Visitor: 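One structure coming up, written as structure tokens, with questions to follow.
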Amino acid sequence: ASAVTLKNVAFGDVFLCSGQSNMEFAVAGAFNSDAEIADSINYPNLRLANVNKTIADDPQDKVGSKSPYVWAVSAPDAFGASWQWPSAACYFFGRDLYRMLDEKVPIGLVSAPWGGQSV
């Protein structure tokens, strides 16, 4: 048997953030984005994941990431350019919930929006 070492693992609540263009709008394009992105370093138990857009006829076991990471700790390097990742609505929801819970419950955010698609 081989040993597996896990580091910086969080156990908490995970939310799927999905929707169309409003959900796809990234933090980098939001009002006061430079300050908000700089402030993101203050939420180490807020974790971000960004699902790639994939068309499939059947459920998929694996999905790619549209960011250069699978899961990231909230920090400025976890944010891409405008209209990339993560979703502003998703991030601000998760950050505000994290604050409301006195920063005691880790929050995982899976951003999977697809603008312009019929529901």
Side-chain angles (χ1 to χ4, degrees):
S2 59
V4 175
T5 302
L6 302 175
K7 296 180 181 181
N8 201 8
V9 176
F11 293 90
D13 294 334
V14 177
F15 295 88
L16 174 63
C17 303
S18 187
Q20 294 189 341
S21 57
N22 288 342
M23 184 61 78
E24 194 166 28
F25 185 75
V27 173
F31 176 76
N32 205 22
S33 63
D34 289 342
E36 295 290 357
I37 290 170
D39 181 60
S40 68
I41 194 81
N42 295 310
Y43 310 101
N45 279 319
L46 186 61
R47 308 300 172 95
L48 311 167
N50 301 287
V51 176
N52 227 359
K53 294 178 180 178
T54 303
I55 295 174
D57 291 329
D58 299 308
Q60 302 296 296
D61 293 329
K62 296 180 182 180
V63 295
S65 176
K66 70 179 193 177
S67 53
Y69 53 80
V70 177
W71 279 102
V73 173
S74 179
D77 61 352
F79 294 82
S82 182
W83 292 99
Q84 288 185 358
W85 34 264
S87 158
C90 185
Y91 173 75
F92 291 124
F93 157 76
R95 184 200 61 189
D96 290 352
L97 178 61
Y98 182 66
R99 287 175 175 169
M100 283 178 31
L101 297 172
D102 296 324
E103 301 181 6
K104 293 180 181 174
V105 178
I107 302 291
L109 302 171
V110 179
S111 181
W114 196 323
Q117 292 297 305
S118 60
V119 177

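Just so you know, these numbers use all the heavy atoms, side chains as well, and skip hydrogens, waters and symmetry mates. Everything quoted here is computed from the prediction, not taken from an experiment.
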Visitor: Would you say the side chain of Glu36 lies within less than 4.5 Å of the side chain of Phe31, judging by non-hydrogen atoms?
Guide: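 Of all side-chain heavy-atom pairs linking Glu36 with Phe31, none is under 4.5 Å.
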Visitor: Applying side-chain hydrogen bond (donor to acceptor under 3.5 Å, both in side chains), which residue pairs with at least one partner in residues 5-17 are found, sequence neighbours left out?
Guide: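 Listed by first then second residue: Asn8-Arg47.
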Visitor: In terms of hydrophobic clusters joined by side-chain contacts under 4.5 Å, are Val4 and Val70 together?
Guide: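 They do not share one cluster, since no chain of ILVMFWY contacts under 4.5 Å joins Val4 to Val70.
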Visitor: How far apart are the closest heavy atoms of Gly12 and Val105, and which atoms are they?
Guide: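 Scanning both residues, the minimum pair turns out to be CA-CG1, 4.3 Å.
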Visitor: When you group the ILVMFWY residues by side-chain heavy-atom contacts below 4.5 Å and let the links chain together, are Phe79 and Leu46 in the same group?
Guide: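 Yes.
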Visitor: Are the side chains of Tyr91 and Ser74 in touch, meaning some heavy atoms are under 4.5 Å apart?
Guide: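 Answer yes - side chains close enough.
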Visitor: What's the shortest heavy-atom distance between Ala88 and Val27, and which atoms?
Guide: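 Taking every non-hydrogen atom into account, CA-CG2, 3.6 Å.
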Visitor: Identify all side-chain donor-acceptor contacts of residues 53-63 below 3.5 Å with residues at least two apart in sequence or on another chain.
Guide:
residue	atom	partner	partner atom	Å
Lys53	NZ	Glu24	OE2	2.5
Gln60	NE2	Asp58	O	2.7

Visitor: Starting from Ile37, can I reach Tyr98 by hopping between I/L/V/M/F/W/Y residues whose side chains sit under 4.5 Å apart?
Guide: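 Yes, Tyr98 connects to Ile37 through the hydrophobic network.
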Visitor: Verify, without hydrogens or angle tests, whether Ser18 (side chain) and Ala112 (backbone) share a donor-acceptor contact under 3.5 angstrom.
Guide: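 Judged by distance alone, yes, a pair lies under 3.5 Å.
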Visitor: Would you name the heavy atoms of Asn42 and Glu103 that are closest together and state the gap between them?
Guide: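 Of all heavy-atom pairs spanning Asn42 and Glu103, the closest is O-OE1, 4.4 Å.
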Visitor: Looking at Cys17, is its backbone amide N or carbonyl O close enough to the side chain of Ser111 to form a donor-acceptor pair, meaning the two atoms are under 3.5 Å apart?
Guide: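 No.
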Visitor: Would you call Phe25 and Ser87 a side-chain contact if the rule is heavy atoms closer than 4.5 Å?
Guide: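 Result no, sub-4.5 Å side-chain heavy-atom pair not found.
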Visitor: Does Met23 belong to the same Ile/Leu/Val/Met/Phe/Trp/Tyr cluster as Leu109, with side-chain heavy atoms less than 4.5 Å apart forming each link?
Guide: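 Result: no, two separate clusters.
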Visitor: Just by modelled atom types, is the Ala28 backbone N or O under 3.5 Å from a matching donor or acceptor in the Ser33 side chain?
Guide: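 Answer holds: yes.
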Visitor: Working to the nearest 0.5 Å, report the span between CG of Asp96 and OH of Tyr43.
Guide: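 Reported value, rounded in 0.5 Å steps: 8.0 Å.
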Visitor: According to a hydrophobic-cluster definition based on side-chain heavy atoms being under 4.5 Å apart (Ile, Leu, Val, Met, Phe, Trp, Tyr only), do Leu97 and Phe92 belong together?
Guide: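 Hydrophobic grouping puts Leu97 with Phe92.
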Visitor: Considering non-hydrogen atoms only, spot the tightest contact between Gly108 and Trp71 and give its length.
Guide: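 Gly108 and Trp71 have their closest heavy atoms at CA-CZ3, 4.0 Å.
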Visitor: Check whether any side-chain heavy atom of Pro76 lies under 4.5 Å from a side-chain heavy atom of Ile41, and answer yes or no.
Guide: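 Answer yes - side chains close enough.
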Visitor: Calculate, to the nearest 0.5 Å, the distance between atoms CZ and CD1 belonging to Phe15 and Ile107 respectively.
Guide: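 It is 5.0 Å, given to the nearest 0.5 Å.
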Visitor: Which pair of heavy atoms, one from Ala10 and one from Asn45, lies closest together, and at what distance?
Guide: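 Here Ala10 and Asn45 meet closest at CB-OD1, 4.4 Å.
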